[in-house]
Amino acid sequence: MIVLLKRMFPAMRVKISGLDPHQQYYIAMDIVPVDNKRYRYVYHSSKWMVAGNADSPVPPRVYIHPDSPASGETWMRQVISFDKLKLTNNELDDQGHIILHSMHKYQPRVHVIRKDCGDDLSPVKPIPSGEGVKAFSFPETVFTTVTAYQNQQITRLKIDRNPFAKGFRDSGRNRMGLEALVESYAFWRPSLRTLTFEDIPGIPKQEHYLYPRA
DNA sequence: ATCTGAGGTGTGAAAGCC
DNA sequence: GGCTTTCACACCTCAGAT
């Protein structure tokens with residue numbers, strides 16, 4: 001899904017409840033390695049296989065949601081989308097984009113940060129820890145980075161679902177076949193997730209739900 | 001409502017790497 | 001030689017200007 005500078009697709013979308021409506025919060029995302037392995041796609045078995053050790057770690061980067069900071073009421077009222085998040089494989093990137101290695105597995109994490117804990121938040125600095133900061137991650141959002149698609153079904157999926165790729169769509173495609181394909185890919189399961197905070201601003205327990213995509 | 005420029009897509013060929 | 005990465009390209013969306 002990545003090369004040079006690309007958006008993440010499909011984008012992560014989350015819904016949060018349980019925030020203090022009057023408290024200001026930052027929402028941020030970072031992406032961490034799942035393991036220290038490099039992968040390659042094996043066509044004949046249609047599986048990702050370990051192909052060696054991971055490349056050297058890249059500088060940690062943070063995507064701060066552009067609506068930040070905003071009140072808990074604002075965040076809870078909307079579905080929070082990370083569709084503007086950009087990924088790069090350029091380790092020398094100085095624009096604050098999230099840097100990843102190709103052919104590695106990563107886990108996106110959503111961070112909810114109380115404003116007083118996030119005043120020195122920066123795209124090029126690790127997310128602060130402690131009281132007032134909470135991270136959420138969902139195992140089904142783990143993904144493998146590539147510079148070229150390894151699976152033609154994924155290419156077709158993206159062409160049909162990403163508006164910017166409309167120019168590559170065929171007019172007579174079999175929609176039912178596509179829907180079946182969508183169902184078969186875990187990462188494509190509804191990207192809308194819900195985080196529930198029980199005791200804000202004290203920071204909370206995690207709970208999440210899966211919603212069927214309309 | 002229409003125009004326009006910036007920027008987001010996958011493709012396919014060529015280059016680079018091991 | 002096979003796999004991965006990079007690049008130019010055409011086509012598209014989107015947002016701001018008029």
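A note on names: the letters A, B, ... follow the listed sequences, proteins ahead of strands, and every chain is numbered from 1.
- OP1 or OP2 of C:dT5 sits under 4.0 Å from a side-chain N or O of A:Ser102.
- Minimum heavy-atom separation, A:Asp55 to A:His104: N-NE2, 3.0 Å.
- Atom NE2 of A:His104 is separated from atom C1' of C:dT5 by 15 Å (rounded to the nearest Å).
- At least one donor-acceptor pair under 3.5 Å links the side chain of A:Trp75 to the backbone N or O of A:Tyr25.
- Between A:Asn89 and C:dT4 there is no side-chain N or O to OP1 or OP2 distance below 4.0 Å.
- We find the CG-CE distance between A:Leu100 and A:Met8 to be 8.5 Å, quoted to the nearest 0.5 Å.
- As a whole-Å value, the separation of A:Met103 CE from B:dC18 C1' is 14 Å.
- Checking C:dT4, C:dT13, C:dT5 against every side-chain atom of A:Pro163, the shortest atom distance belongs to C:dT13.
- Here the closest non-hydrogen pair linking A:Val62 and A:Ser122 is CB-O, 3.9 Å.
- Taken from CD1 in A:Ile27 to OH in A:Tyr63, the straight-line distance is 12.0 Å, to the nearest 0.5 Å.
- In this structure, A:Arg38 places its CZ atom 10 Å from C1' of B:dC18, rounding to the nearest Å.
- Summarising the geometry, the separation between CG on A:Asp55 and P on C:dT5 is reported as 9 Å, rounded to the nearest angstrom.
- There is a side-chain donor-acceptor pair under 3.5 Å between A:His111 and A:Asp30.
- Between A:Lys84 and A:Gly167, the residue anchored nearer the 5' end of DNA chain C, judged by the nucleotide with its closest heavy atom, is A:Gly167.
- Between A:Gln150 and C:dT4 there is a side-chain polar atom (N or O) within less than 4.0 angstrom of OP1 or OP2.
- Using cut-offs of 30° and 60° on the angle between ring planes, the pair A:Tyr106 and A:Phe143 is tilted.
- In this structure, the CE atom of A:Met49 is 14 Å from the P atom of C:dC3, given to the nearest Å.
- Residues from residues 59-68 of chain A with heavy atoms under 4.0 angstrom of DNA chain C: there are none.
- The minimum heavy-atom distance between A:Gln23 and A:Lys115, with the atom names listed, is NE2-N, 4.1 Å.
- Aromatic rings from A:Trp48 and A:Tyr39 are positioned such that their centres are separated by 6.0 Å or more.
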I'd like a list of close polar pairs between nucleotides 8-12 of chain B and the protein, N/O only, cut-off under 3.5 Å.
unit_1 : atom_1 : unit_2   : atom_2 : d
B:dG8  : OP1    : A:Lys86  : NZ     : 2.6
B:dG8  : N2     : A:Phe164 : O      : 3.2
B:dT9  : OP1    : A:Asn162 : ND2    : 3.1
B:dG10 : OP1    : A:Tyr149 : OH     : 2.6
B:dG10 : OP1    : A:Lys158 : NZ     : 3.0
B:dG10 : OP2    : A:Tyr149 : OH     : 3.4

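- Between C:dT13 and A:Lys166, a contact under 4.0 Å exists linking OP1 or OP2 to a side-chain N or O.
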